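Below: the structure, in structure tokens.
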Amino acid sequence: MEPTAEAPAEAAPDTLAEAPTEAAPQTVAEAPEGTAAAPLTETGAAATAQATPETSTEAPEEAAEKPAAATLAETGSDAPEATAAETVEESRADARKDAPEQPAEEATPRPARRSRVFWSSRTRRWREAHPTAAQVLSVSVNVLATLLVVAALVMPNSVVRLGPEKFLRIPGEAVIGAALMLALPRRPRIVLAAVSGVALGAMTVLNLLDMGFNQYLGRSFNLVLDWSLLGDAQSYLEDSLGRTATLAATAGLIAVILLLFVLLALSTVRLSNLLARHTGTATRGTLVAGVVWITCSSLGLQISGVPIASDRTAAGVKIQARRVADTLRDEAEFQKVAKVDAFGNTPASQLVPDLRGKDMIFTFIESYGRSAIEDPIMAPGVDSTLDARTKAIAKAGYHAKSGWLTSATYGGSSWLGHSTTLSGLWINNQQRYRTVMASDHLSLTKAFKKTGAWNTVGVMPGVQKAWPEQSFYGLDKVYNAFELGYKGPKFSWSTMPDQYALEQFQQRVHGRKHDKPMMSEIILTSSHQPWAPIPKMVGWDQLGDGSIFKGIQAAGNKPADVIADTTKSREEYGKSIQYSVTALTEWLERYGTDDTVLVFLGDHQPIARVSGNHASRDVPISIVAKDPKVLDKIAGWGWTDGLRPAHSAPVWKMSAFRDRFLTAYGSTPHPKNG
């Protein structure tokens, strides 16, 4: 094949054919730009596309021979006649091998990355289009993040301590945190900021739990023991407000808690980034804040009695850690205490000999506390009822003496009050309760069973599931909420009115003939919060299966209306106590016998919103009997005559009652030391 007369290098084909292998690259590199050899040797397949006008006059077959010849010359191959197509394909393969590998994500961006790029682009364009609005928005978010973090750092753990002055303090934790963020590289800084935000969220939740527990139970939340009470709280809400409202409230609460964690984590990360972008200003500001905090702390400077320098979060963490340690240590010590029992080895014949032949009834009235008798809102109605009922039972031949006991619980957890009274041990938390229930410690009610002189029974309208505690209390039979034949409506948490429960006790237990006297434990529940609706007394002969209460329940107050109003809650609480005391004393007046001995008391004070933030834990207790010898046995106690204890009446710890009662009625101590 001959080149055209216009080709710039007539000898190019011959040169390429005859050149040694080592010289091929140089010859090709120096070839004029118009020849086909230069582009073919560089890019292989691209040579055909870049053929010059001078060579375009050749037939396609002749033009195709040039790439093949050039390639063979360049590689020094002696292969006989490779086709142009094969050579081009080999050149393409070589080009692909030599080309640097592209990362897969670069070649094919992932959807998430494309989405981020898309939104980042849109955000950038919006900022460029609205610079003032973007600046205002950025500053606003920074301010809100700062306020949220500072508020979480200085938040108190009690409702009564809430106030604007509590949030106008300098948190020392923020100063230390800022110094750390400034000292760390980017990745550790972001990780620390996110973890700090989550930890701050957890501490905020604990502060809120403390608020709730202090408000309702008069104590702080216990990280070790109190998680199970959250389920009880949900059950209470379901009984009071309905399942739908409770589920909605629970879902809303969970959403708020998760949102709190997310917002605090995002806020701390954003603030750490802000510090990193303005290192100089942030460093100076942190130093100034640190100096101010130290100065205020050293001089004790305050605003409205509140120290300006705050270490609330650090102190809160220390308190929680100490509370956990104390709980674990307390359990170990209490196990030893529970094994010691002054009457643990007392022979049956030496237990309560002075009460033989008496029908004993121990009754707990829900939330019947000292505030009901002494608070200016509740007391007038309750005191009037107690005085009226004292006179009524006196006409029936009964007399009473009353005093005060300091309950082991407050606002709720009634079972702690019941077990403390009857065990003689101070049971103020759930773990102690479990320990005692699993022990063979002698309860007051079991003492009657141990004698063999009494049959024992429990009437528990508040029990709606299996109740293994029956064994500890020594009860032969327990009537729970489903065994009393009630067909009427629930009154909020209370499954049935007290009057109905007492009538069933009369029909199923007290009114029947027995071969032995009865020792009964009765729990009355109509005075349980939220005190709406409250049942009313009806004719004892009209009780039937309880259907008569449907109209009363429907006409009563709604729980939500009472819960939201503190004054209304106090008023309705007082009315509920009046109802329970009236039902119990009317039952005694109607059905009591010469041998009936009634001991009734409150299990705890009502919640702080009703009893007051500084209320005592005292509850009234009364012993009522027709036989004067029964009350003569406790004449030395100094209790007040009647159902209303005087303000100056003796106050004992609730755990002291068992031993005092057993001793007063002739029991002989025979200690058990474990």
Side-chain angles (χ1 to χ4, degrees), residues 105-106 109-155 162-201 203-205 208 252 255-293 296 303 308-310 312-313:
E105 62 180 9
E106 291 290 333
R110 296 176 181 176
R113 180 172 180 180
R114 289 200 299 267
S115 177
R116 289 196 299 270
V117 172
F118 172 74
W119 287 110
S120 176
S121 176
R122 291 199 63 176
T123 302
R124 183 173 63 253
R125 289 199 300 270
W126 182 85
R127 287 176 177 173
E128 292 172 353
H130 307 87
T132 303
Q135 181 67 18
V136 171
L137 179 61
S138 178
V139 171
S140 299
V141 173
N142 290 338
V143 170
L144 290 175
T146 303
L147 292 176
L148 180 61
V149 171
V150 171
L153 286 170
V154 300
M155 174 183 286
L162 284 176
E165 67 278 359
K166 291 289 185 179
F167 297 94
L168 299 176
R169 300 191 289 168
I170 303 173
E173 301 87 351
V175 177
I176 296 174
L180 285 174
M181 299 298 174
L182 288 168
L184 290 174
R186 180 180 181 277
R187 181 167 295 181
R189 169 175 56 79
I190 292 177
V191 171
L192 177 62
V195 171
S196 299
V198 172
L200 187 56
M203 195 64 202
T204 303
V205 171
L208 294 173
V256 169
I257 291 174
L258 293 176
L259 181 62
L260 176 65
F261 276 93
V262 171
L263 288 178
L264 280 171
L266 292 176
S267 296
T268 51
V269 171
R270 183 179 183 88
L271 293 177
S272 74
N273 290 335
L274 186 64
L275 293 172
R277 285 198 300 269
H278 306 282
T279 305
T281 302
T283 301
R284 290 190 294 272
T286 301
L287 289 173
V288 171
V291 171
V292 172
W293 190 93
C296 292
I303 298 177
I308 296 176
S310 168
R312 170 71 191 88
T313 297

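What you see is a predicted model, and the numbers here were worked out from it, not measured in a lab.
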Item checked: Nearest non-hydrogen partners of Ser267 and Leu263, listed with the distance -> OG-O, 2.7 Å
Margin query: Donor-acceptor check, side chain of Glu173 to backbone of Thr313, threshold 3.5 angstrom: yes or no?
Written below: yes
Item checked: Main-chain N/O of Ser310 paired to Trp293 side chain as donor or acceptor, under 3.5 Å -> yes
Item checked: Test log, rule side-chain contact (heavy atoms from CB on, under 4.5 Å), inputs Val262 and Leu258 -> CA-CA 6 Å; Val262 171; Leu258 293 176; 5.5 Å; no
Note to self: Minimum heavy-atom separation for Arg312 and Arg169, please, with both atom names.
What the structure shows: CB-NH2, 4.1 Å
Show the atom names and distances, to 0.1 Å, of all donor-acceptor pairs under 3.5 Å that link a side chain in residues 176-196 to residues at least two apart or in another chain.
from, atom 1, to, atom 2, distance (Å)
Arg189, NH1, Ser272, O, 3.3
Arg189, NH1, Ser272, OG, 3.3
Arg189, NH1, Asn273, OD1, 2.7
Ser196, OG, Leu192, O, 2.7

Item checked: Closest non-hydrogen atom pair, Cys296 against Ile308 -> SG-CG2, 4.0 Å
Next item on the list: Can you measure from CD1 (Ile170) to CG (Leu153) and round to the nearest 0.5 angstrom?
Entry: 12.5 Å
Notebook entry, point to check: For the atom pair CG (Leu200) and CG (Leu264), what is the distance rounded to the nearest 0.5 Å?
Noted result: 5.0 Å
Note to self: Using 0.5 Å steps for rounding, measure from the OG1 atom of Thr286 to the CG atom of Leu275.
What the structure shows: 6.0 Å
Identify every side-chain donor-acceptor pair in residues 135-152 under 3.5 Å, counting partners at least two apart or on other chains, and give the distances.
from, atom 1, to, atom 2, distance (Å)
Ser140, OG, Val136, O, 2.8
Asn142, OD1, Arg270, NE, 2.6
Asn142, OD1, Arg270, NH2, 3.4
Asn142, ND2, Ser138, O, 3.2
Thr146, OG1, Asn142, O, 2.8

